[in-house]
Amino acid sequence: MRSLWLLQEIGVPFEVVEYPFGVALRDPAYLARSPLGRVPLLEDGPQDARIHLFESGAICEYLCEQYDPGMLWRWPGHVDRPAWLQWLHFAETMGQHLAALTQAHIAIRDPADRPPMVMKLEARRLEKTLGVLEDALAGRDYLLPGGFSAVDTGIGWSVHVAQWFTRLDAFPTVAAYHTRLRGRAAFRAALPGPGVETYLTKPFYAVPGAGS
Ligand SMILES: N[C@@H](CCC(=O)N[C@@H](CS)C(=O)NCC(=O)O)C(=O)O
């Protein structure tokens, strides 16, 4: 989703090929291009010089370098370059906690096998990352002083998914940032359309025994 959102923000034409979680991602032809069998996978360039990228942070940087006219990227030497890199990779730190929570609450099918301690710990660690954002966003609309950039798609998507596992009300500045991001036409254009199956089927995933 963060790659789709960025593509929409850049405005470059693209084609989406959907691979449902499960056997489609274990197909040898797919694994030859994305060896962990995960999404996203970006393919670009002519057939005789095709590139394949299977890490969303790398996809973000590549798309900015190749296609952004200068609004979303902060290139080497730019005054905001260090902060741009910081948030580009912090999105993956958040993604690790979201992946652990998704695994514990959703991917493990049998509730008896789900690990409440992991859910609790990862929710707390996710909240720590939201606390970092709460401070970083104080007094500004987006992560960088120069305004909206590609790193807001990476971090913004993590914030968006975080609301399924923790209450954003505890982080009012982050909640306002989330509202601001959701108002962007490119964000809305990237969301799954009606009828598309997503894995987040409940309104909220509470730790069992910890209330809602
Ligand atoms: N660090 C990778 C994470 C990729 C990843 O874990 N993707 C998930 C979906 S968000 C996936 O494909 N999961 C399917 C699986 O693990 O089988 C990235 O940011 O691209």
Side-chain angles (χ1 to χ4, degrees), residues 1-10 12 14-44 50-68 72-73 84-110 113-115 118-119 122-123 125-126 129-130 132-133 143 149-166 178 181 186-187 189-193 196-202 204-205:
M1 284 304 305
R2 52 168 67 127
S3 301
L4 286 178
W5 178 11
L6 179 59
L7 283 161
Q8 294 283 357
E9 293 281 358
I10 293 175
V12 67
F14 62 93
E15 179 195 357
V16 179
V17 180
E18 289 181 31
Y19 288 87
F21 289 152
V23 289
L25 294 177
R26 303 290 172 263
D27 183 85
Y30 186 79
L31 291 174
R33 293 170 290 151
S34 181
L36 279 181
R38 297 187 193 177
V39 292
L41 164 67
L42 177 77
E43 295 190 46
D44 192 31
R50 200 87 169 142
I51 66 103
H52 301 101
L53 285 178
F54 51 82
E55 195 59 52
S56 63
I59 291 171
C60 176
E61 188 148 7
Y62 173 86
L63 289 174
C64 285
E65 288 181 22
Q66 291 292 318
Y67 298 111
D68 173 52
L72 303 171
W73 189 30
W84 193 86
L85 288 172
Q86 167 72 71
W87 298 121
L88 175 68
H89 295 283
F90 194 74
E92 178 56 22
T93 292
M94 297 184 76
Q96 287 182 8
H97 302 310
L98 294 168
L101 286 161
T102 302
Q103 179 165 278
H105 282 277
I106 301 167
I108 298 175
R109 301 261 167 159
D110 185 345
D113 290 336
R114 292 180 185 155
V118 171
M119 296 170 177
E122 289 296 329
R125 283 160 66 80
L126 178 64
T129 67
L130 293 169
V132 170
L133 294 181
L143 285 164
S149 76
V151 294
D152 291 301
T153 63
I155 295 284
W157 185 253
S158 292
V159 168
H160 184 68
V161 177
Q163 70 182 318
W164 271 275
F165 300 108
T166 189
H178 181 223
L181 293 173
F187 174 88
L191 288 174
V196 174
E197 196 184 336
T198 73
Y199 61 91
L200 294 160
T201 53
K202 290 187 189 176
F204 189 75
Y205 291 87

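For ligands, and for the atoms within them, numbers begin at 1 and follow the listed sequence.
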Ranked by distance from atom 13 (N) of ligand 1, the top protein heavy atom is F21 CE2, 3.8 Å
A student comparing R38, Q103, E55, E92 should find that the heavy atom closest to atom 16 (O) of ligand 1 comes from R38
(request) Would you check if the side chain of D44 reaches a backbone N or O of H52 as a donor-acceptor pair within less than 3.5 Å? (result) no
Less than 4.0 Å is my threshold; does some heavy atom of P40 fall inside it relative to ligand 1? yes
> Would you say the side chains of Y19 and D27 form a donor-acceptor pair under 3.5 Å?
Replying inline: no
When distances are taken from atom 17 (O) of ligand 1, the protein heavy atom at minimum range is R26 NH2, 3.0 Å
Contact region, Q96 to ligand 1, non-hydrogen atoms below 4.0 Å, reads neither
| What do the steps show when you test Y30 against V39 for side chain to side chain contact (heavy atoms under 4.5 Å, CB included), and what is the final call? | CA-CA 10 Å; Y30 186 79; V39 292; 3.5 Å; yes
Classify the ring geometry between W5 and F187 as parallel (under 30°), tilted (30 to 60°) or perpendicular (over 60°). perpendicular
For atom 12 (O) of ligand 1, the closest protein heavy atom turns out to be V39 N, 2.8 Å
Donor-acceptor contact below 3.5 Å, side chain R33 vs main chain A29 = yes
So the atoms of ligand 1 within less than 4.0 Å of a heavy atom of S56 turn out to be 18 (C), 19 (O), 20 (O)
Q) Taking the inter-plane angle between the rings of W164 and H160 on a 0 to 90° scale, is it parallel (under 30°), tilted (30 to 60°) or perpendicular (over 60°)? A) perpendicular
